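Quick caveat, the model's predicted, so the values are computed rather than measured. For the single chain, residues carry numbers from 1 onward in sequence order.
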Amino acid sequence: MTQKLIIAALFVFLPTCSVTAQEARNETKRTRRPEPAKYLETGGERKLDVVYKSVDGRDLKLDLYYPTGNRFGPCPVIVFTHGGGWAAGNRYKAASGSFAEVFQRLIKEGFAVAPVSYRLAKKDSQVAMRDCVIDCKDAIRYLAKNSEALGIDPMRIFVMGDSAGGHIAQMLLLASPEQLPGDPALANVSYHMIAGVSWYGPCDFEKMALFNHDDSADFRDRFEPRIMGSESGPKEKLARYREVSPINYLKPTSAPLLMIQGDKDTTIPVKHAYYMKQKADAMKAPVEITIVKNAGHNWRRVDADIEPSRDQIIERTVQFFVNHR
């Protein structure tokens with residue numbers, strides 16, 4: 001009798017367990033984080049997944065978002081270079097967080113925005129930092145070469161990037177169109193840089209002390225593999241380090257640069273902003289810096305609220321572009 005009662009109870013219990021498990025799975029699906037957006041939703045014209053060149057059997061792409069306001073004739077374009085230590089990340093970062101806010105506002109202000117993919121300097125990839133820069137320069141060359149068909153103004157090119165992308169943005173802004181040549185099909189293309197913004201990007205790899213945030217005695221260079229890990233370009237180490245240091249391209253006639261750096265950043269120390277500003281002031285080059293108090297890398301809060309706030313950083317960035325339009 002007892003055994004029959006147990007069996008009967010199991011038949012009642014098992015369907016309940018099945019429903020409960022299914023409900024749990026459904027709940028997991030409901031609470032799982034949604035996939036991050038790949039593209040900006042602007043309500044305006046977009047050209048997505050545009051191949052700007054092919055290298056090593058891979059197509060490199062960019063997206064082009066057209067302005068939704070103040071669009072009169074060929075429009076200025078802001079090229080966005082993503083961060084990720086030159087070895088990670090993607091152009092879809094433009095559609096997330098503070099970047100999406102910046103670009104959605106600038107699109108309304110009359111700018112086109114072009115986030116760019118580039119080869120990544122992963123271990124044993126034979127891709128180096130210079131190749132990342134060259135790819136992004138080729139993206140600008142592609143935009144300039146096809147500017148009439150794309151409806152953009154090659155004489156009004158802007159740049160923005162964060163971290164490693166901030167470094168690339170500085171390189172694109174300060175190096176001439178002829179320097180760091182890439183795809184022969186995109187050679188001899190004219191364009192003009194107007195202004196650029198670097199969020200927590202480095203300016204000099206020759207001065208390794210700039211990366212030593214606390215002046216540690218056992219500090220080591222962690223960038224050599226990403227600078228030297230390619231057969232392309234100069235073989236001498238010092239020449240390669242100097243080649244990818246934006247500060248070496250700075251001159252009195254350079255396009256205006258805004259560097260925004262956190263004073264508690266241990267990845268790319270604030271020393272970079274101060275050093276670039278010092279060099280710029282000495283030669284009367286147009287460099288501005290904004291130092292964010294209590295901010296680590298990616299504007300992470302360190303010990304206290306960051307100042308200026310993230311909203312104010314976004315406003316400063318947007319206004320810089322608008323002022324130089």
Q. Between Lys145 and Ala185, is there a donor-acceptor pair closer than 3.5 Å when you use the side chain of the first and the backbone of the second?
A. yes

Q.
Quick check: do Leu257 and Met276 have side-chain heavy atoms less than 4.5 Å from each other?
A. yes

Q | side chain to side chain contact (heavy atoms under 4.5 Å, CB included) involving Pro256 - partner list, sequence neighbours excluded | A | Ala195, Pro286, Phe320, His324

Q | Tyr118 side chain to His82 backbone, donor-acceptor under 3.5 Å | A | yes

(Q) Closer than 3.5 angstrom, by distance alone: can the side chain of Arg141 be matched with the main-chain N or O of Pro177 as a donor-acceptor pair? (A) yes

**Q.** Any donor-acceptor N/O pair, Arg119 side chain to Val55 backbone, under 3.5 Å
**A.** no

**Q.** Residues forming a side chain to side chain contact (heavy atoms under 4.5 Å, CB included) with Gln278, sequence neighbours excluded
**A.** Tyr275

**Q.** Closest non-hydrogen atom pair, Ala121 against Cys132
**A.** N-SG, 4.3 Å

Q: May I ask you to test the Val77-Ile157 pair for a side-chain heavy-atom distance under 4.5 Å?
A: yes

Q | salt bridge (Lys or Arg N to Asp or Glu O under 4.0 Å) partner of Lys53, chosen from Asp59, Asp135, Asp131 | A | Asp135

Q: Go through the steps for Asp214 and Ser216 under the test side-chain hydrogen bond (donor to acceptor under 3.5 Å, both in side chains), then give the verdict.
A: CA-CA 5 Å; Asp214 60 357; Ser216 173; 4.5 Å; no

Q | Considering all heavy atoms, the nearest Gly110-Pro76 contact | A | O-CD, 3.6 Å

Q: Output, in order, the C-alpha distance, side-chain angles, deciding distance and verdict of salt bridge (Lys or Arg N to Asp or Glu O under 4.0 Å) for Glu288 and Lys277.
A: CA-CA 7 Å; Glu288 300 176 36; Lys277 180 63 173 169; over 6 Å; no

Q: Determine, stepwise, if the pair Arg310 / Glu101 fulfils side-chain contact (heavy atoms from CB on, under 4.5 Å).
A: CA-CA 11 Å; Arg310 188 176 289 265; Glu101 292 186 49; 5.9 Å; no

Q) Just wondering, do Ile168 and Met129 contact through their side chains at under 4.5 Å, heavy atoms? A) no

Q. Does the Thr42 side chain pair with the main chain of Gly44, one donor and one acceptor, at a distance under 3.5 Å?
A. yes

Q) Are a donor atom and an acceptor atom from the side chains of Tyr52 and Asp138 found within less than 3.5 Å of each other? A) no

Q) Heavy-atom count around Lys251 NZ within 6.0 Å, excluding the residue itself: above 12? A) yes

Q: Look at atom CG of Asn188 and say whether more than 12 heavy atoms of other residues, nucleotides or ligands are closer to it than 6.0 Å.
A: no

Q | Exam field: side chain Tyr66 to backbone Cys75, donor-acceptor pair closer than 3.5 Å | A | no

(Q) Can you list everything that forms a ring pair (Phe, Tyr, Trp, His ring centres under 6.0 Å) with Tyr92? Sequence neighbours excluded, please. (A) Tyr39

Q.
Within the 4.5 Å heavy-atom criterion, are Ile152 and Leu143 side-chain neighbours or not?
A. yes

Q: Could you check if a side-chain atom of Leu172 sits within less than 4.5 angstrom of a side-chain atom of Lys137, using non-hydrogen atoms only?
A: yes

Q) With no hydrogens and no angle check, is any side-chain donor or acceptor of Arg46 less than 3.5 Å from a backbone partner on Leu40? A) yes

Q. Which residue pairs satisfy the side-chain hydrogen bond (donor to acceptor under 3.5 Å, both in side chains) criterion with at least one member in residues 254-266, sequence neighbours excluded?
A. Asp265-His297

Q) Is the number of heavy atoms from other residues, nucleotides or ligands under 6.0 Å of Lys108 NZ greater than 12? A) no

(Q) Less than 4.5 Å apart, side chain to side chain, heavy atoms only: is that true for Tyr249 and Leu180? (A) yes

Q: Kindly compute the distance separating CD1 (Ile134) from CD (Gln179), expressed to the nearest 0.5 Å.
A: 11.5 Å

**Q.** Any side-chain donor near an acceptor of the partner, Asp311 and Ser309, under 3.5 Å
**A.** no

Q. With sequence neighbours excluded, what pairs up with Phe103 under the ring pair (Phe, Tyr, Trp, His ring centres under 6.0 Å) test?
A. Phe80

(Q) Given 3.5 Å as the limit, does a donor-acceptor pair link the side chain of Ser147 with the main chain of Asp153, or not? (A) no

Q | Distance-only polar pair, side chains of Gln170 and Ser198, donor-acceptor under 3.5 Å | A | yes

Q | Interatomic spacing from CG in Leu106 to OH in Tyr65 - rounded to 0.5 Å | A | 14.0 Å

Q | Crowding at CZ, Arg222 (>12 non-hydrogen neighbours, <6.0 Å) | A | yes

Q) Does Gln319 use its side chain to pair, donor to acceptor, with the backbone of Arg316 at less than 3.5 Å? A) no

Q.
Quick one, Phe158 with Val79, criterion side-chain contact (heavy atoms from CB on, under 4.5 Å). Give me CA distance, side-chain angles, the key distance, then yes/no.
A. CA-CA 6 Å; Phe158 299 75; Val79 173; over 6 Å; no

Q: Decide whether Trp199 and Ser98 meet the rule of one side-chain donor and one side-chain acceptor closer than 3.5 Å.
A: no

Q. Who are the side-chain hydrogen bond (donor to acceptor under 3.5 Å, both in side chains) partners of Asn146, not counting sequence neighbours?
A. none

Q) Under a 4.5 Å side-chain heavy-atom rule over Ile, Leu, Val, Met, Phe, Trp and Tyr, are Phe211 and Ile260 clustered together? A) no

Q) Can you tell me if Arg301 uses its side chain to pair, donor with acceptor, with the backbone of Ile306 under 3.5 Å? A) no

Q | 4.5 Å side-chain heavy-atom contact, Ile140 and Met193 | A | yes

Q: Flag the pair Val116 / Lys61 as yes when at least one side-chain heavy-atom distance between them is below 4.5 Å, and no otherwise.
A: no

Q | Reference residue Asp63; test salt bridge (Lys or Arg N to Asp or Glu O under 4.0 Å); the match among Lys47, Lys93, Lys38, Arg91 | A | Arg91

(Q) So, applying side chain to side chain donor-acceptor pair (under 3.5 Å) with Tyr241, which one of Asp221, Asn248, Asp204 is it? (A) Asp221

Q.
Would Phe205 and Phe223 count as a ring-ring contact (aromatic ring centres under 6.0 Å, His included) here? Give the steps.
A. CA-CA 8 Å; Phe205 291 94; Phe223 295 106; 5.4 Å; yes

